Amino acid sequence: MPPDAVSAGNCVQFSIPEWILAAGTWIKAAAVYAVKSPDDDRTLLNAVFAINAGFATIDYFTQSIVRPLRRKLNKRIFEYKNPDWPKKIGTENSVANLKRREAMSQLADATMRIQNKIPTLFNSQARKWKTVMAIAATIALVLMSIPYTGRIVLLLALPVPLFAWKCYSKKQGIESECKAIDEKYAQLIKDVNDSLSQDERDETTSRLDDLEKAVNTLIKQMPSNKPKPKRRSTKKK
Amino acid sequence: MTEQDIARLMDEYRTNVKALFENKSAEFASNSSGRHASILIEEMILHAQHTFDAFAGRMNPEVWNERVMTALADAIARGVHVQLVVENECAPISNGTMPQTVRPFVRRLPQQAIDGIKQVITHCASGDGESMRIEMDPAQKSAVFAANNPETASKVASVVSGLFNIGVPYDHAA
């Protein structure tokens, strides 16, 4: 199953790309501004379109960050749940591999938790900055009575870069969180491998030692029981 | 799971075991069934250049199957020194699957020897004092394996040699 289908809860989602929606709204706002005659007092109408364009820009930024991030995390979750190491290692259900699986499953869960909080995190940012934008527009319209839509657009344009910067820092935060999880689990898996390998070594060694002692005792007890056959040396002379 | 699926998995397992030999891997691998055990032992024999030593209960035919027997015969033919030790019965001899050329290399432990080691019996095999397989659960045939672990493998070889020396030739033991 492709990672995207997994992410969407086993159903593939189709939607119009965000940039097309945003571009449509920008063109609409620009067209209204362009056809306005100098005498018309269409400030309020233009402000509404400008806010609309601003909102579309925020949605565009939100989705352009959220979607690739989710896709990236989906890919990781898919890899963690379907690791290719059993094939490389050449073993099947050894204790070490079961422990590895467990560790990978925990890794997938932790990544899923991050993935689930992404929409809430960025959507709340989007809501916050849309509110800032609406308040800025209202202030511009009511208190300052700015006649030109261009000024409103200018005012509205201020929250967008601020929002973009905020989103970028949030994105960096998410990515460093993912990196921390990756490092933590890479270390965990390494520890699991090392410790289990050591446990297996210890167990086999102790069994062999016991057997060796018993065999040595037997040899002493039955020294001439049977003639010892000549053993060919494995070393080349 | 169909027989076809199992066969595919076994082929995959064999490929991986071969890769461990080619890479001279010291990693501990495992086998959890008679079929896996059979593949491991066959590959150990195929990769042996000088010696192959094994201590097995009765040489379970699921593990010591015809392919393994053929590999053993080929190994002996190319000069590999083989030592096989069984506790009681040797199933491949009883069921006639063991080639005549392999039979002289099988020894059976006397009852006194079995009594002496029965608390610590661990079936094991070694190839060239490098590869080794140690059975952790004889009922399940689960074992640990390493393609290149001279320290443990040479100890296995020494233990099997010791047992072989106190054993009696199988054909004469009955």
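This structure is a prediction, so every number in the text was calculated from the model and none was measured.
For the pair A:Asp209 and B:Lys155, the tightest heavy-atom approach, listed with the atom from each and the gap, is OD1-NZ, 2.5 Å. Taking each heavy atom of B:Ile121 and A:Leu211 in turn, the nearest pair found is CA-CD1, 4.3 Å. Nearest heavy-atom pair across A:Ala214 and B:Gly116 is CB-O, 4.1 Å.
Within the 4.5 angstrom heavy-atom criterion, no atom of B:Glu130 approaches chain A. Both the backbone and the side chain of B:Leu163 come within contact range of chain A, judged by heavy atoms closer than 4.5 Å. Of the atoms belonging to B:Ser158, it is side-chain heavy atoms, and not backbone ones, that fall under 4.5 Å from chain A.
More than 12 heavy atoms of other residues, nucleotides or ligands sit less than 6.0 Å from atom CD of B:Gln111. Other residues, nucleotides and ligands contribute only 12 or fewer heavy atoms inside 6.0 Å of the CD atom of B:Glu151. Counting non-hydrogen atoms of other residues, nucleotides and ligands closer than 6.0 Å to CD of B:Glu89 gives a total above 12.
No side-chain heavy atom of B:Thr122 sits less than 4.5 Å from a side-chain heavy atom of A:Leu208.
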